[in-house]
Amino acid sequence: MTQISTTNPATDKTIKTYELMSSNEAFDKLENCHNAFLDWRTKSHPDRATYLRDIASALRDNTEALAALMTEETGKLLRDGKTEVELCAQIFEYTAEHGPATLADEDRTHSGGDKNGIVAHCPIGVIYSIQPWNFPIYQPVRVLAANLMAGNGVILKHASVCTGSGLKLRDLCLDAGLPEGLFDVVIVDHDTSDAMIEHKLVRGVTMTGSDAGGRHIGQLATKKLKKSVLELGSNDAYLVLEDADIELAVKTCVQGRLYNNGQTCVSAKRFVVTEPVYDAFVSAFVEQMEAIRMGDPMDQDTELGPLSSAEQFETVSEQVAQSVKGGSEILCGGTAPDRTGQYYPATVLANCQPGTPAYDDEIFGPVAAVIKARDDADAMRIANDSRYGLGGGIFSKDEDKALRLARDHFDTGMVRINSFGAADPNMPFGGVKDSGFGREHGGFGMKEFVNTKAIYLP
C-alpha cells in the first residue's frame with residue numbers, strides 16, 4: 001500500500017487520497033523537529049506561552065472550517081466539532097497560563113538541609129505522538145500543548161481516517177508563528193511508525209488507542225528504554241445506586257453513551273443498576289434511547305451521526321451479535337437502517353453476561369450494556385470486574401457516600417458523580433489497568449516528558 005484515502009462515513013464518498021511517506025522522508029521530519037527543538041528549548045516558559053496563546057486564537061478563528069472538516073472525515077456532529085475546537089483553545093490557554101509555574105525550577109535542600117539544591121524540569125527532545133480518529137484535533141492538542149510548553153518538539157502520526165485534520169492543525173500552528181519543524185505530521189504505515197519509535201531522535205512516545213495497540217507500542221518503546229504514556233480504551237461503568245435520582249441518571253446516561261456518536265474512550269458504556277431501581281431506570285432509559293434522532297451530522301437537529309468508518313461499523317455489529325449470542329437481550333436498536341453511510345442506531349442490551357463483548361470489552365459505538373446488581377456493594381463489585389479502569393460514574397443523592405466510593409473503592413482513573421463529561425484542562429486525564437498509564441491535563445502532562453534534573457549547589 002502506497003496511498004491512503006479519507007472517506008466521509010455519512011456519504012461513503014472519498015474525500016482525499018494521500019501518498020504514504022517513505023521511512024527516509026519520515027526520518028527527515030524527525031531531524032527537522034530535533035533541530036527546531038535545539039532552539040526552542042532555549043526559550044523561557046513565558047516566551048513559549050506567547051506562542052500557545054497565538055495558536056489558541058488561530059484555532060478559534062478557524063472553528064467553522066475545522067469543525068466541518070472533522071465532521072466530513074469522522075461523522076462527528078458539527079456542533080460537537082465546534083465544542084472540540086473551543087476545548088483545544090482552552091487547553092492551549094490553560095497551558096500558557098499555568099505552565100511557567102508548573103515547570104519552574106524548585107528550590108530544595110540537601111545534606112541534611114545544610115546546602116541548597118535545585119530541581120529543574122528540562123526538555124528532552126522529540127516526542128512521537130500516535131493518535132486516534134475520534135477527536136481529530138483534541139487528541140493531538142493535549143499532547144502538543146503540554147510538550148511545547150515543556151520545551152519539546154512533537155511529531156504526530158494521526159489515524160488515517162482523519163489525515164486532513166492532522167495536517168490542518170499543523171498548518172494553523174505554522175500560521176500562528178510556531179517555528180517550522182517543531183510540530184509536524186507524518187503519513188506512514190505501521191512498519192515505518194515502528195521504526196520511528198526506535199529512532200534515536202525520538203525521546204518519548206505517547207499513544208491513545210486500543211489496549212492491544214498500546215501493548216505493541218509500549219513494548220517497542222520499552223525495548224529502547226524510552227518512556228511512554230498510554231491512554232487506552234475502557235468499558236466505563238456508570239453505577240445507578242439505590243438512592244439515585246432516576247430522572248437525572250437516565251438523562252445523563254443517554255448523553256454519556258451517545259456523546260461523539262458513542263465513540264469516546266471515557267464515555268459511559270456499562271450501566272450497572274441496583275435491583276430496587278432497575279425497572280424504573282431501564283424503562284425510561286430505553287424510551288429516551290429510542291427517541292434519539294439519527295441523521296446527517298451536519299444537521300443541527302441530529303443527535304446521532306454515523307460511525308467513523310465501515311470498519312468501525314462492522315466491528316460494532318459483530319460485538320452486538322456476539323453479545324446476543326452470549327445471552328444479551330436487545331431492548332432497542334441493534335439493526336442498522338437501510339441507508340447510505342455507516343449509521344448504527346442507539347442500542348440497549350440487557351442481561352449482559354461475563355465472557356461477552358458487552359460485559360468485557362469496549363464497544364466503541366452507541367451501544368449501552370445494562371447489568372443488574374443486587375445492591376450498592378454488588379454494583380461496585382461489577383464495576384471493578386473489568387480489565388479496564390479509565391473512567392466511570394456514580395449516581396446517588398448522597399454525595400458524601402458517592403465520594404467515598406469514588407475515592408476508596410472505584411478502581412479507575414476518573415469518576416464522575418451525578419454528571420458526565422469527557423475532559424477538563426484543569427483535571428488529570430488517564431487510567432489504570434489495561435486502560436494504560438501516565439496522565440494528561442491538569443498540569444500533569446507537562447511533566448510526563450521532562451528530565452527532572454537534580455542540581456546540587458555547594
List the residues meeting ring pair (Phe, Tyr, Trp, His ring centres under 6.0 Å) with [X], not counting sequence neighbours, and say none if there are none.
X: H199; value: F27
X: Y18; value: none
X: Y359; value: none
X: F429; value: none

Problem - side chain to side chain contact (heavy atoms under 4.5 Å, CB included) involving F444 - partner list, sequence neighbours excluded - result: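 Scan of F444 (side chain to side chain contact (heavy atoms under 4.5 Å, CB included), adjacent residues dropped) gives P428, R439.
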Exercise for the section: Could you pull out all residues at least two apart from N35 that satisfy side chain to side chain contact (heavy atoms under 4.5 Å, CB included)? Expected result: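 Expected list: L38.
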With sequence neighbours left out, write down each residue that passes side-chain hydrogen bond (donor to acceptor under 3.5 Å, both in side chains) with [X], or none if nothing qualifies.
X: D361; result: R387
X: Q353; result: N351
X: S129; result: Q131
X: E448; result: K227

Problem - Value rounded to 0.5 Å, distance of CG in L201 from CZ in F37 - result: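 One finds 10.5 Å between CG of L201 and CZ of F37.
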Do [X] and [Y] have a side chain donor and acceptor closer than 3.5 Å?
X: H121; Y: E106; value: yes
X: Y344; Y: N261; value: no
X: S165; Y: E73; value: yes
X: T83; Y: D80; value: no

Less than 4.0 Å between a side-chain N and a carboxylate O, is that true for [Y] and [X]?
X: R142; Y: E440; answer: yes
X: D184; Y: K29; answer: yes
X: R374; Y: D378; answer: yes

Exercise for the section: Scan for side chain to side chain donor-acceptor pair (under 3.5 Å) pairs involving residues 397-407, sequence neighbours excluded, and state none if there are none. Expected result: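 Residue pairs passing side chain to side chain donor-acceptor pair (under 3.5 Å), neighbours aside: D243-K401, D376-K401.
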Practice task
Would you list the pairs meeting side chain to side chain donor-acceptor pair (under 3.5 Å) in which at least one residue belongs to residues 424-438, sequence neighbours left out?
Solution key: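 Pairs touching residues 424-438 that pass the test: Y94-N426, R215-D434.
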Practice task
Say whether, by atom type as modelled, one donor and one acceptor occur between the side chain of N418 and the main chain of S396 under 3.5 angstrom.
Solution key: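 Checked: pair present.
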